[in-house]
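Atoms within a ligand are numbered from 1 in the order they appear, just like the ligands themselves.
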Amino acid sequence: MPLAYDTPVSSLPGVGPVKEKALAKLGLTRLGDFLTFYPRRYEDHTTLYPIASAPIGVNVCVKGYLTKPATLSRIPGGRQLVRCTIADDTAAIDLTFFNRPYVRNTLEWGQSYIFFGKLDLSGGRRTMVNPQIEPADAPKTFGSLMPCYPLSAGLNNNQVAAWAQAAVNALVSPEMETLPQAILDAHRLPPADWCCRQIHRPDGFDHLQAARDRLAFEELFHLTLGLSLLRRSREQVSGTPLTAGDPADFAALLPFTLTGAQTRVIRRCADDLSKATPMNRLVQGDVGSGKTAVAAFALWRCAKSGAQGAMMTPTELLAQQHYRTLSALLTPAGVKVALLTGSQTSAEKKSLYAQLSSGEIQVVVGTHALLSEGVDFQNLALAVVDEQHRFGVNQRSALAFKGGHPHILVLSATPIPRTLALIVYGDLDVSVLDELPPGRKAVETFLVSESKRQRLYTFIDKQITEGHQVYIVCPAVEETDAQEGDPTLKSVKAYAERLAKTVFPHRTVALVHGKLKAKEKEAAMASFAAGKTDILVSTTVIEVGVDVPNASLMVIENADRFGLSQLHQLRGRVGRGQWQSYCVLVSNSKNPDTRARLKTLCATTDGFQIAQADLEQRGPGDFFGARQHGLPQLHVADLGVDVRLLSRAQTAAQELLTQDPGLEKPEHAPLKHRLRDLFAENAHMFN
Ligand code: ADP
Ligand code: MG
């Protein structure tokens, strides 16, 4: 049977049901999937070292001959051991092979072989365990870079490499090119088929680098081109201009004076909203910068203009909080505000649905329950999405779909490094709230270990005595979630109980975690917000957006288990009042990298700087999960490092679209076809 792109992996030699499953875990179900399943690294089988000068502790190639015949012995456990010594003109190595008795016959006396393995020193002698062996006069892999693929349990690299080669041999052809010749020429890029062969089995580091660069360029080019098309397709539709409701009148409703940044961004939104082309704006602002006020303005203006607005949040807790804030602010201004979450009874929901479709409710706040089938708006003209990084492009467009073409306002507290923002938010206009409300003091942050626990408890008590409240965040929910063998991992329930009974019997301690019923969560949060609870022990459900200005201390247990950006988010829950606030990171980790990571947080409160550090240390996965955003996955390109490639790819995409906005020219057909595939979930972009 001829192998084709869609040939299931089960037709490959050696793939039975078990391997098929293991491959599926890696996203490999069709033969064609192997083409973009790139090696993680390469073993250098190109350099031959004289034994005496070969580096110790790494994989190396050496050439040698047997100095005496190999011996076979049995060791306890029934394992077989072959030992021998090889040498070249410079030195010798003792080789040991476990369970490879045949090696004794493979290695012939008087012959030269190439050995590839990790060289070690033991008792002053060089050793190598289970090296690969190739005859020196007819080497198989020597002279090339051997690809090492990402693996899952039950797979070994040799097999995967063989299947990948099978895919390359069967499928790679000049027809796979999607980049127009003009772009290949202008950017001096090698052809697609050559690159695909090289990345799977490079001839050398130079070729590998050239192939990698081109493939990364191509990915970034496809991505930016697709995003531009998405944006254009959106600009061609028309929405409802929202013209009533002057920013100055809105400011008068607020209990505080807007910051300069808030005023600026609100004016920007007012301009956007008054147009027929739907707004598509991201407001990025560090935690506590007052993004809610911007959302409130847009929703108020929408209601004033006689239309409906919806605000979607990633958690119920946040929906409830925004509901409280917005109804306190907008109800006196004559706007009807409602809350819709998944945990409401079906009777409640039914009544809400009716009021939404009649237009009686002007502003609705809710979780993704807003996307439920029963929800039908009379006249949805504005969709606000809070804490956008929790939602994907697709959920955003789903909400947009509910209302035809509403204006979209996205709020995000995740400061995204510039390179990533271009991509993650490539289809949005960006405004930044770069000013905190006056009187805020930077949160002081400390890193402490278990040995300081008593002092920590004293500090907590002191904050409460001074009239403040305290958050304590733990990573796990229940005993069973706690990782075995980590005695310091604070299981939130047990920990809260212990604190309440033995450490702070004279204080009120409450608990919030994701497994509580919504009503219980709401009650616990409401009591904390009302100042009735001194200490709130919690999992990361409080991470996003929760606002209790009286809280002055955030303690984070097992802080090493969180990413920097997440820790920054958590820390943002305090420092919202006029008083000095603190964040204490508790970690027993001795790992110098981990400690350096946590120290970044002690040194700065600038979210952008922290995001940049996170990007450098952990890669872009946290910001940019393809699945999360519904955008094509990047296999080669690394947004942390490929900044120059990205800007080249963007320029190329813009130039191309200037010449051929709809990609209608015949030479762009393969490109258009590929984009359709990559952006399948956003198919409307070509309309
Ligand atoms: P975030 O940007 O993190 O969503 P919020 O909108 O929740 O921030 O605002 C944080 C806190 O600051 C809230 O208590 C809010 O009432 C208050 N706030 C917002 N803007 C101002 C302002 N201009 N002056 C004073 N307080 C403000
Ligand atoms: Mg917020």
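Aromatic ring orientation, Trp579 versus His468: tilted (interplanar angle from 30° to 60°).
A side-chain donor-acceptor contact under 3.5 Å links Gln580 to the backbone of Ala442.
Each of the following atoms of ligand 1 lies closer than 4.0 Å to a heavy atom of Thr292: 4 (O), 5 (P), 6 (O), 7 (O). The ligand atoms of ligand 1 that sit less than 4.0 angstrom from a heavy atom of Thr259 are 23 (N). Under a 4.0 Å criterion applied to the non-hydrogen atoms of Leu258, ligand 1 contributes the atoms 23 (N).
Heavy atoms only, all atoms of each residue included: Thr341 and Gln344 are closest at N-OE1, 2.9 Å. Annotation for Cys474 and Phe562: closest pair C-CZ, 4.3 Å, computed over non-hydrogen atoms.
Heavy atoms of Thr257 found under 4.0 angstrom from ligand 1 belong exclusively to the backbone.
In this structure, Gly285 has no heavy atom closer than 4.0 Å to ligand 1.
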Practice prompt. Dump the intermediate steps for salt bridge (charged side-chain N to carboxylate O under 4.0 Å, His left out) on Glu557 and Arg453, then the final yes or no.
Written response: CA-CA 11 Å; Glu557 300 281 357; Arg453 187 160 291 280; 2.7 Å; yes
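Between Gly290 and ligand 1, at least one N/O pair is under 3.5 Å apart. Considering backbone and side-chain atoms alike, Arg576 places an N or O below 3.5 Å from some N or O of ligand 1.
Residues Arg281 and Asp271 are not paired through a salt bridge, judged by the lack of any N-O separation under 4.0 Å between the basic side chain and the carboxylate.
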